[in-house]
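Data block below; observations after.
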Amino acid sequence: MEYKISPSLMCMSLIDIKQQLEVLNRRADMLHIDIMDGHYVKNITLSPFFIEQIRPYTPLVLDVHMMVENPADFIEPIALAGADFICPHAETINRDAFRIIHQIRSLGKKVGVVLNPATPVEYIQHYIHLLDKITVMTVDPGYAGQPFIPEMLGKIAQLRDLKQQKGYRYLIEIDGSCNLRTYQDLMGAGAEVLIVGSSGLFTLDNDLDVAWDKMLDQMRQARHAA
């Protein structure tokens, strides 16, 4: 199968953002944007304003990962800024998940949820059929460059099997330490969208086109071995 590649923009060089975005527009399938409020995770990264600023300069799908305590406060600004997927953490919406899903859909956007490493698939069982994408965190959220948590391979395989058995439509996306060391296991478990960041793309070469070619070579090797 072909895997969708979604570079994480929090890992790109903001000094070279125009040049790097031109490369990503030619080569990526979608772009991953992390929104952090400094409360749900102890970090602050990108914002709805960032989405608004880059939206005119990319035709790619903008996939927004909301690491925020109160997703309802951010959904409309993110949608109006130009996001395509809006993806809160399951742990932040279970008290009003159906209302949040309806709010996102009413704004014409696709709905994803994100599962932390310690959160089981069963946590979303009552609305899993409504989702367009499920993101499995393979690191604890909040910071780039963290070590891969191998226990997540079983969760990915569980989502793959559920999708096949029930005919669900969600994409299975992986966030955290997608790189040469993990591609083979992730592909074998059922990953469909790979979010690449520091170790998977941006530090492979100073020239982003060269880095992309190196990444593709690594993925091809993993695909043949998977």
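Atom set for the values below is all heavy atoms of this structure, side chains included, hydrogens, waters and symmetry mates excluded.
For Lys133 (side chain) and Phe85 (main-chain N/O), no donor-acceptor pair under 3.5 Å exists by modelled atom type. Remark: the backbone N or O of Thr119 is paired with a side-chain donor or acceptor of Lys155 at under 3.5 angstrom. In this structure, Glu192 contributes its side chain and Ile172 its backbone to a donor-acceptor pair below 3.5 Å. Put simply, the side chain of Gln20 gets close to the backbone of Ser13: a donor and an acceptor are under 3.5 Å apart. Counting only distance, with no hydrogens or angles, the side chain of Thr182 and the backbone of Ser177 share a donor-acceptor pair below 3.5 Å. A donor-acceptor pair under 3.5 Å is absent between the side-chain atoms of Arg27 and the main chain of Trp212, judged by distance alone. When atom types are taken as modelled, the side chain of Asn179 and the backbone of Arg181 share a donor-acceptor pair closer than 3.5 angstrom.
With no hydrogens or angles considered, no side-chain donor-acceptor pair links Asn116 and Tyr123 at under 3.5 Å. Remark: the Gln158 side chain and the Glu122 side chain contain an N/O donor-acceptor pair separated by less than 3.5 Å.
Within a 6.0 Å sphere centred on CZ of Arg99, heavy atoms belonging to other residues, nucleotides or ligands number 12 at most. Summarising the local packing, OH of Tyr57 is surrounded by 12 or fewer heavy atoms from other residues, nucleotides or ligands at distances under 6.0 Å. Atom NZ of Lys110 has 12 or fewer neighbouring heavy atoms from other residues, nucleotides or ligands inside a 6.0 Å radius. For CD of Glu76, the number of neighbouring non-hydrogen atoms (other residues, nucleotides, ligands) closer than 6.0 Å is 12 at most. The neighbour count for Arg55 CZ, taken as heavy atoms of other residues, nucleotides or ligands under 6.0 Å away, is above 12.
Put simply, OG1 on Thr138 and CE on Met152 are 8.5 Å apart, with the number rounded to the nearest 0.5 Å. Note that CG of Asp29 is 8.0 Å distant from OG of Ser6, once rounded to the nearest 0.5 Å. Annotation: the span from Gln103 atom CD to Asp96 atom CG amounts to 9.0 Å, rounded to 0.5 Å. From Ile93, atom CD1 reaches atom CG of Asn70 across 12.5 Å, with rounding to the nearest 0.5 Å. To the nearest 0.5 Å, the span separating NZ on Lys163 from CG on Leu131 amounts to 11.5 Å. Atom CD of residue Glu69 and atom NE2 of residue His89 lie 12.0 Å apart, to the nearest 0.5 angstrom.
Heavy-atom minimum distance, Tyr127 versus Ala90: OH-CB, 3.8 Å. Considering all non-hydrogen atoms of both residues, Arg169 and Leu130 come closest at NH2-O, 3.4 Å. Here the closest heavy-atom approach between residue Leu201 and residue Pro7 is recorded as CD2-CB, 4.1 Å. For the pair Ile149 and Val139, the tightest heavy-atom approach, listed with the atom from each and the gap, is CD1-CA, 3.9 Å. Contact record, Ala83 with Val64: CB-CG2, 3.5 Å, taken as the closest heavy-atom pair. Here the shortest heavy-atom pairing between Phe202 and Ser8 reads CE1-O, 3.4 Å.
Residues Met219 and Ile5 form a side-chain contact, since some pair of their non-hydrogen atoms from C-beta on lies under 4.5 Å apart. Contact annotation: the side chain of Leu162 approaches that of Val121 to within less than 4.5 Å [non-hydrogen atoms, C-beta and beyond]. In this structure, Leu186 and Leu194 have side chains that are in contact, with non-hydrogen atoms separated by less than 4.5 Å. When side chains are defined from C-beta on, Pro150 does not count as touching Asp185, because their heavy atoms never get closer than 4.5 Å. Counting heavy atoms from C-beta outward, Phe50 and Leu9 have side chains that approach closer than 4.5 Å. Inter-residue side-chain proximity for Ile104 and Pro88 is flagged as met; some heavy-atom pair is nearer than 4.5 Å. At a threshold of 4.5 Å between non-hydrogen side-chain atoms, the residues Tyr3 and Ile174 do not count as touching. Looking at Met66 and Ile75, their side chains come closer than 4.5 Å, going by heavy atoms from C-beta outward.
No chain of hydrophobic side-chain contacts below 4.5 Å, direct or via other Ile, Leu, Val, Met, Phe, Trp or Tyr residues, connects Tyr183 to Ile195. Grouping the Ile, Leu, Val, Met, Phe, Trp and Tyr side chains by contacts below 4.5 angstrom, directly or via other members, places Met30 apart from Ile134. Two different hydrophobic clusters hold Leu171 and Ile128 under the rule that ILVMFWY side chains link at heavy-atom gaps under 4.5 Å. Residue Ile35 is grouped with residue Leu62 when hydrophobic side chains (ILVMFWY) are merged at heavy-atom distances under 4.5 angstrom, including chains of intermediate members. Val61 and Val196 are members of different hydrophobic clusters when ILVMFWY side chains are connected at heavy-atom separations under 4.5 Å.
Classified by interplanar angle (parallel below 30°, tilted 30° to 60°, perpendicular above 60°), the ring pair His129/Tyr168 is tilted.
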Please test Leu115 against Ile124 for side chain to side chain contact (heavy atoms under 4.5 Å, CB included), starting from the C-alpha separation and ending with a verdict. CA-CA 9 Å; Leu115 297 176; Ile124 60 172; 3.9 Å; yes
Go through the steps for Met10 and Met36 under the test side chain to side chain contact (heavy atoms under 4.5 Å, CB included), then give the verdict. CA-CA 11 Å; Met10 71 176 280; Met36 303 180 189; 3.9 Å; yes
Might you work through the side chain to side chain contact (heavy atoms under 4.5 Å, CB included) test for His65 and Met137, ending with a clear yes or no? CA-CA 11 Å; His65 175 188; Met137 295 296 300; 3.6 Å; yes
Go through the steps for Leu204 and Gln218 under the test side chain to side chain contact (heavy atoms under 4.5 Å, CB included), then give the verdict. CA-CA 11 Å; Leu204 296 182; Gln218 293 173 356; 4.1 Å; yes
Could you go through the side chain to side chain donor-acceptor pair (under 3.5 Å) check for Asn25 and Thr58 one step at a time? CA-CA 6 Å; Asn25 283 342; Thr58 180; 2.6 Å; yes
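A salt bridge is absent between Glu22 and Arg26; no separation between the charged side-chain nitrogens and carboxylate oxygens falls under 4.0 Å. Looking at Asp63 and Lys4, no side-chain N of the basic residue comes within less than 4.0 Å of a carboxylate O on the acidic one, giving no salt bridge. Taking 4.0 Å as the cut-off between side-chain N and carboxylate O, Lys214 and Asp205 count as a salt-bridged pair. Taking 4.0 Å as the cut-off between side-chain N and carboxylate O, Lys109 and Asp132 do not count as a salt-bridged pair.
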